[in-house]
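A short worksheet on the structure shown next.
Not measured: the values here are computed from a predicted model. Per chain, numbering begins at 1; letters A, B, ... match sequence-line order.
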There are 2 protein chains.
Amino acid sequence: MKATTIYDVAKEAGVSIASVSNAINGKGKIGKKKRDEIFKVMERLQYKPSVIASALMGKKTYTLGLLIPDVSNPFFSEIARSVEDLAHQAGYSVITCSTDNKDERVEKYIRLLEQKSIDGIIIGTGVENTDMLMQLAGKSLPIVMFAREVSGLSVHSVLTDDFKGGTFAAGHLLALGHRQVAVLSENFKVSSSVERVKGFKFALFEAGAAIEEDYILSCESSIADGKRAAGELLRRDNRPTALFCCNDLLAIGALQAAREAGVAVPEELSVIGFDNTILSTVTTPALTTIAQPMEQMVKLVFELLIGNLGDRDSTKQRIVMQPELVQRESTARPPKEVTQKVK
Amino acid sequence: MKATTIYDVAKEAGVSIASVSNAINGKGKIGKKKRDEIFKVMERLQYKPSVIASALMGKKTYTLGLLIPDVSNPFFSEIARSVEDLAHQAGYSVITCSTDNKDERVEKYIRLLEQKSIDGIIIGTGVENTDMLMQLAGKSLPIVMFAREVSGLSVHSVLTDDFKGGTFAAGHLLALGHRQVAVLSENFKVSSSVERVKGFKFALFEAGAAIEEDYILSCESSIADGKRAAGELLRRDNRPTALFCCNDLLAIGALQAAREAGVAVPEELSVIGFDNTILSTVTTPALTTIAQPMEQMVKLVFELLIGNLGDRDSTKQRIVMQPELVQRESTARPPKEVTQKVK
DNA sequence: CTGAAAGCGCTTACAG
DNA sequence: CTGAAAGCGCTTACAG
């Protein structure tokens with residue numbers, strides 16, 4: 001049972017395939033009668049043009065690639081949904097690619113996407129080996145970076161001001177009276193985390209409460225790893241009174257470690273996350289966190305990718321959005337007398 | 001800067017395009033020397049065959065469609081990840097489509113996917129208007145239903161035994177001593193929920209603790225809606241001592257409603273969910289829930305879709321997997337004297 | 001073993 | 001306004 005082709009409708013309507021094609025694409029001039037007849041036949045035959053064939057003729061595939069670390073991570077699944085919705089509205093489908101922040105996966109996926117002649121690619125994952133991206137950027141395939149940055153890469157990007165997000169977290173903790181703080185950072189490959197930590201440290205330093213380097217722990221981005229790292233911190237003699245976590249997953253791990261260690265949050269330990277995912281609304285206590293304006297960011301990504309914002313391809317846009325502190329229940333004033341746990 | 005085509009490598013290697021094609025696909029017989037030379041040229045020119053062109057010749061597009069209600073819902077985002085990984089291993093990409101359980105979206109997406117000549121489609125979303133699916137099933141496009149069923153549709157399916165899942169939930173609550181229970185169900189369109197409720201009711205009935213119909217509330221699948229419905233239930237004079245929720249989202253809503261109403265979980269109210277998503281590990285108390293063997297299910301879906309399990313297309317497989325009770329902290333014995341809240 | 005040629009389902013100049 | 005024809009980048013018989 002072969003699908004009906006343009007030939008079938010042309011024959012059925014008694015016209016040439018060129019006319020059918022023109023009718024569909026609104027090109028050329030076609031007599032109204034002929035056009036109506038053609039549409040009627042298409043309807044009757046349930047004709048659906050093959051995007052494969054038209055893509056081969058140099059038209060679009062109406063498919064976009066989305067590279068993120070992991071769709072099953074709520075932060076990224078929320079992004080994936082926004083991207084999908086906007087894409088769908090514009091007639092595009094999106095191929096989601098979870099990279100686990102591994103370069104080999106990034107490479108493999110990009111190669112795959114290229115072979116499929118996609119129309120554009122959104123990169124929201126960390127990449128170490130930038131050569132491949134450089135090369136990609138040199139081709140005609142539109143790229144936009146989302147919430148990540150690769151220095152020296154000439155592409156559009158829409159970012160959150162992660163540095164400022166870090167200062168917001170620090171400011172909040174400082175205002176509450178904390179002076180003994182620690183941070184759980186993501187892997188150094190993740191440029192956004194690096195910025196967040198920088199901002200955090202900077203604000204602390206400015207306030208004369210500079211953080212010691214060994215109170216900055218690097219983790220993989222998972223609840224389990226956050227728990228492990230936070231547990232380590234809580235066992236130290238000089239326990240911090242507040243913890244800044246570079247994403248909500250890590251913060252939740254911290255919450256769990258605190259519970260296990262019998263440390264009350266927020267009374268004995270304040271915890272602040274980043275991203276404002278659904279997870280942060282679900283924990284007890286609910287998580288204070290830094291929000292990124294995701295919806296707007298995704299919208300801008302589209303403007304850049306398939307809209308006219310990205311048209312003048314001479315200058316690459318770099319759009320930076322403002323983060324926001326979302327105060328919930330996991331942060332409070334530090335305990336009156338800081339517990340100096342002695343072994 | 002046009003991409004390099006098969007002609008470029010043929011010319012460069014001094015052979016015909018047919019030989020290049022054969023070399024790539026391991027077809028026909030090619031002299032070892034020629035073959036090596038061809039590969040060397042492909043490498044040098046960075047030649048990547050166009051899947052568009054080969055798809056037009058009737059070969060696969062190596063693209064799969066995945067229809068689910070919502071990627072940003074953790075249950076489905078976890079599925080999406082498993083699907084992606086298995087697909088990736090087999091050289092496929094997947095286009096994720098969030099339907100919100102709306103038929104119009106289902107139709108639009110399916111049409112889109114058909115035009116893109118995808119190789120197969122996984123349907124994990126509720127569908128009311130089955131005509132369209134019937135028609136789809138009549139075509140050559142492989143389909144497999146995942147965790148959802150449409151009666152009368154002749155396609156492969158891999159399911160959890162939702163009815164049994166419901167009885168597990170009931171059995172657990174019964175064993176704990178609960179007799180006054182209620183349920184938060186999803187929309188009736190969701191066949192799996194219907195089965196879960198049926199099983200739950202059945203087990204209760206068997207135990208002589210039949211549930212009253214007005215203690216079964218239907219909700220949209222969101223935390224907010226679960227909270228609303230649970231709140232309603234908790235305000236009743238005859239408050240239930242246990243709540244079975246058809247998915248974790250609803251259960252979390254129930255947890256939140258209980259907290260707001262000052263009802264302690266699990267001391268005064270037991271709550272049990274379904275799906276065992278990451279969310280259930282993150283709440284306080286952690287959620288007792290019913291788990292589906294998702295990884296295995298996704299594996300089977302692939303066997304059916306692109307493996308040999310689905311080959312003999314005469315008989316459609318219907319594979320039913322066993323659910324499992326995951327006991328955590330949100331369920332316990334009912335309070336000694338059941339509170340009879342009088343207005 | 002190897003290559004010339006037809007064809008997949010479209011789009012696009014180009015004549016009429 | 002309309003249609004014949006070439007071509008997109010491949011694959012596949014079919015001769016040699």
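Residue A/Asn22 contributes atom CG, which lies 11 Å from atom P of C/dA13 at whole-angstrom precision. Spacing between atom NZ of B/Lys11 and atom C1' of C/dA4 amounts to 17 Å, rounded to whole angstrom units. A/Ile24 has its CD1 atom 6 Å from the P atom of C/dT11, to the nearest Å. Rounded to whole Å, atom C1' of C/dG9 lies 16 Å from atom CD of B/Glu114. Counting to the nearest Å, the P atom of C/dC8 and the NZ atom of B/Lys116 are 24 Å from each other. B/Arg35 has its CZ atom 14 Å from the P atom of C/dG3, to the nearest Å. B/Lys60 has its NZ atom 16 Å from the C1' atom of D/dT11, to the nearest Å. We find that CG of A/Leu45 is positioned 15 Å from C1' of C/dG9, with the value rounded to whole Å.
Remark: the A/Arg148 side chain and the A/Ser192 side chain contain an N/O donor-acceptor pair separated by less than 3.5 Å. Side-chain N/O atoms of A/Glu84 and B/Ser98 include a donor and acceptor closer than 3.5 Å. Side-chain contact of B/Lys116 with B/Thr63: a donor-acceptor pair under 3.5 Å is absent, judged by distance alone.
Proximity of A/Asn25 to the phosphate of C/dT11: a side-chain N or O atom is located under 4.0 Å from OP1 or OP2.
Contacts between residues 13-21 of chain B and DNA chain C, defined by a heavy-atom separation under 4.0 Å, are made by B/Val15, B/Ser16, B/Ala18, B/Ser19.
Between A/Asp85 and A/Lys299 no salt bridge is recorded (no basic side-chain N to carboxylate O distance below 4.0 Å). Look at B/Glu37 and B/Lys33 and you find no salt bridge, because none of the NZ, NE, NH1 or NH2 atoms lies under 4.0 Å from a carboxylate O.
Residue side chain A/Tyr7 reaches the base of C/dC10 through a donor-acceptor N/O pair under 3.5 Å, judged by distance alone.
With sequence neighbours excluded, the residues that form a ring pair (Phe, Tyr, Trp, His ring centres under 6.0 Å) with B/Tyr109 are A/His88. Partners of A/Phe76 under the ring pair (Phe, Tyr, Trp, His ring centres under 6.0 Å) rule, at least two apart in sequence or in another chain, do not exist in this structure. Residues satisfying the side chain to side chain donor-acceptor pair (under 3.5 Å) criterion with A/Ser72, sequence neighbours excluded, are A/Asp70.
Residue pairs meeting the salt bridge (Lys or Arg N to Asp or Glu O under 4.0 Å) criterion with at least one member in residues 42-67 of chain B, sequence neighbours excluded: A/Glu114-B/Lys48, B/Glu12-B/Arg44.
Mapping B/Leu56 and B/Lys34 onto DNA chain C by nearest heavy atom places B/Lys34 at the nucleotide closer to the 5' end.
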Would you write out the dot-bracket form of DNA chain C, 5' to 3', with Watson-Crick and G-U pairs under 3.5 Å, [ ] for crossing pairs, | for pairs to other strands and . for unpaired bases?
|||.||||||||.|||

